[in-house]
Amino acid sequence: MLKVLCVCGARPNFMKIAPIMHVLGRTAGVRPLLVHTGQHYDEKMSDLFFRQLDIPEPDINLEVGSASHAAQTAEVMKRFEPICLEHKPDWVIVVGDVNSTIACALVASKLGIKVAHVEAGLRSFDRSMPEEVNRVLTDAISDMLFVTEPSGVENLQREGIAGPKVHLVGNVMIDTLLRSRESAEKSDILARLSVQKGGYAAVTLHRPSNVDDPGAFGRILTALETIGRDMPVVFPVHPRSRKNMSQMGLNGRIERNPSLRLTEPLGYLDFMKLMSDAAVVLTDSGGIQEETTILGVPCLTLRDNTERPLTITQGTNRLTGNDPDRIIAAYREVRDRPRRPVRPPDLWDGRAAERIVNILIGANR
Ligand code: UD1
């Protein structure tokens, strides 16, 4: 019996771990265990996703909660080590690039447990992003690296990570998107927000470089206010951004503008529907750049770099940084340009999790 311990901790991990858990759950000879680190814990940042994505209840919740990077990472490590010692898994699977990813990979690696990293090799080449540090370090200690796009394989090669442990398998987050499209179509989120298909912009913001700095947050708001004169701007607000908006005294400015429609963080299905029917999506998220590429919706990424270059070369993504003039110019261009049909990147076909599980099982024969 192959014992596989899967780790998830923060919102973007849930759509990645879901298809892996589904495939492991129906594979003979495998015993999956799910550990939730508790990095994200609000109902709308966590439990809602488990229900909507049919993720089994975690076998263990480490309940670490929020803290500084060092304290959060250390707490995950302290609480994860005894779990590994007790369950002695053959593999630990970590996904993405959050603090829980590196924390659990490091614990397993030091205990001599094999680590598989899903979404390996992505690089923004910007070490001021906490996720970039997490990616580089996790890849350096992983025994199996599952990559979503060709740039990831090249990045790993450049760092001396190559050979049979690197596998281009596609994108597990797109597995989840394709599986959920029909259910998402049924969401009534547009009616609830009083917006029309194709007649609004959808925004998400949570990167420290955009929302921890009042100058940057203010510049983005200026752009959103201009877009708001053209069409409503729907903005589901991440807890980090919500906290900063009040601390920076931005609430009044936002509330006075009827075009800015702020909501609580949305569940997966509502958010998928909101993105699918938007005229344009503005974001600083990593995953949303990939989801909009598959949905064929124009995406303006309010960052200066992306670790997902395929979304630019083959998808609908475009980098604007957080300068209002650049954001507005790009917005006008995509608003006025007819949409082209989408050609999904190779292997972004809904079967990435199957490939991952087959490779892991093959490696243990
Ligand atoms: C984390 C990830 C980031 C990912 C993002 C997705 C790291 C380094 N960052 O950033 O890569 O893109 O998740 O959302 O791992 N909070 C709540 N409720 C929650 C969770 C957080 O209120 O359920 C608040 C807390 O005040 C917390 C803050 O949000 O301090 C930030 O949470 P944290 O997990 O530290 O980082 P994120 O910004 O969410």
Side-chain angles (χ1 to χ4, degrees), residues 7-17 35-51 53 58 61-77 79-80 94-106 117-120 122-124 126-139 173 176 203-213 216-217 235-248 262-268 271 275 281 283-291 299 301-303 305-308 311:
V7 175
C8 62
R11 184 169 63 176
N13 292 164
F14 305 139
M15 18 314 202
K16 296 171 193 165
I17 215 69
V35 173
H36 188 331
T37 65
Q39 179 174 344
H40 284 176
Y41 44 84
D42 284 350
E43 145 77 18
K44 291 202 162 81
M45 298 293 286
S46 177
D47 287 8
L48 184 55
F49 286 77
F50 275 72
R51 288 198 301 278
L53 302 179
N61 192 323
L62 304 179
E63 295 180 347
V64 295
S66 305
S68 69
H69 283 275
Q72 188 176 60
T73 309
E75 205 51 49
V76 174
M77 290 181 68
R79 296 184 191 196
F80 187 60
V94 295
V95 297
D97 54 17
V98 302
N99 286 343
S100 303
T101 310
I102 175 62
C104 294
L106 189 49
H117 183 206
V118 174
E119 206 186 79
L122 297 181
R123 296 289 181 268
S124 65
D126 174 1
R127 292 273 172 108
S128 71
M129 282 180 83
E131 294 80 4
E132 181 73 354
V133 178
N134 294 343
R135 290 180 200 117
V136 171
L137 298 181
T138 304
D139 287 342
M173 208 174 55
T176 295
V203 178
T204 80
L205 288 174
H206 75 285
R207 289 270 159 237
S209 56
N210 282 334
V211 302
D212 288 5
D213 167 17
F217 209 156
F235 179 9
V237 189
H238 185 281
R240 172 190 286 277
S241 313
R242 176 73 72 184
K243 202 165 68 180
N244 290 349
M245 270 162 44
S246 351
Q247 278 168 6
M248 292 169 186
L262 269 59
T263 72
E264 296 281 289
L266 296 178
Y268 183 78
F271 188 67
M275 276 201 294
V281 171
T283 190
D284 57 12
S285 147
I288 290 174
Q289 300 169 49
E290 300 181 333
E291 289 165 339
C299 177
T301 296
L302 312 185
R303 292 172 41 190
N305 52 54
T306 180
E307 58 290 330
R308 294 161 158 93
T311 61

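This chain uses plain numbering: 1 for the first residue, then up along the sequence. For clarity, every value in this text was computed on a predicted model and none was experimentally measured. All ligand and atom numbering here is 1-based and tracks the order in the structure.
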Could you find the nearest protein heavy atom to [atom] and give me its residue, atom name and distance?
{"atom": "atom 19 (C) of ligand 1", "value": "Tyr41 CZ, 3.6 Å"}
{"atom": "atom 27 (C) of ligand 1", "value": "Ser66 OG, 3.3 Å"}
{"atom": "atom 14 (O) of ligand 1", "value": "His238 NE2, 2.9 Å"}
{"atom": "atom 3 (C) of ligand 1", "value": "Glu131 OE2, 3.1 Å"}
{"atom": "atom 20 (C) of ligand 1", "value": "His40 CD2, 3.3 Å"}
{"atom": "atom 6 (C) of ligand 1", "value": "Pro12 CD, 3.4 Å"}
{"atom": "atom 12 (O) of ligand 1", "value": "His206 NE2, 2.8 Å"}
{"atom": "atom 26 (O) of ligand 1", "value": "Lys243 NZ, 2.9 Å"}

Can you see which heavy atom on [X] is nearest to which on [Y], and at what distance?
{"X": "Arg135", "Y": "Ser124", "answer": "NH1-OG, 3.8 Å"}
{"X": "His69", "Y": "Pro130", "answer": "CE1-CB, 3.5 Å"}
{"X": "Arg303", "Y": "Thr306", "answer": "NH2-CA, 3.8 Å"}
{"X": "Gly96", "Y": "Thr101", "answer": "O-CG2, 3.3 Å"}

Give the atoms of ligand 1, by number and element, whose distance to some non-hydrogen atom of [X] is under 4.0 Å.
{"X": "Met45", "result": "23 (O)"}
{"X": "His69", "result": "8 (C)"}
{"X": "Pro239", "result": "16 (N), 17 (C), 18 (N), 22 (O), 24 (C), 29 (O)"}

(request) Indicate yes or no: at least one non-hydrogen side-chain atom of Val118 is less than 4.5 angstrom from one of Lys16. (result) no
(request) Using side chain to side chain donor-acceptor pair (under 3.5 Å) as the criterion, point out the one residue from Arg240, Arg207, Lys243, Gln247 that pairs with Asp212. (result) Arg240
(request) For ligand 1, find out whether one of its N or O atoms is nearer than 3.5 Å to an N or O atom of Arg240. (result) yes
(request) Tell me which one of Val98, Thr101, Asn99 gets a heavy atom nearest to atom 2 (C) of ligand 1. (result) Val98
(message) Between His36 and Phe14 (judged by ring centroids, cut-off 6.0 Å), do the two rings come close enough to count as a pair?
(response) yes
(message) Students often mix this up, so state it plainly: with edges at 30° and 60°, are the rings of His206 and His238 parallel, tilted or perpendicular?
(response) parallel
(message) Between Ser100 and Gly9 (side chain of the first, backbone of the second, donor and acceptor by atom type, cut-off under 3.5 Å), is there such a pair?
(response) no
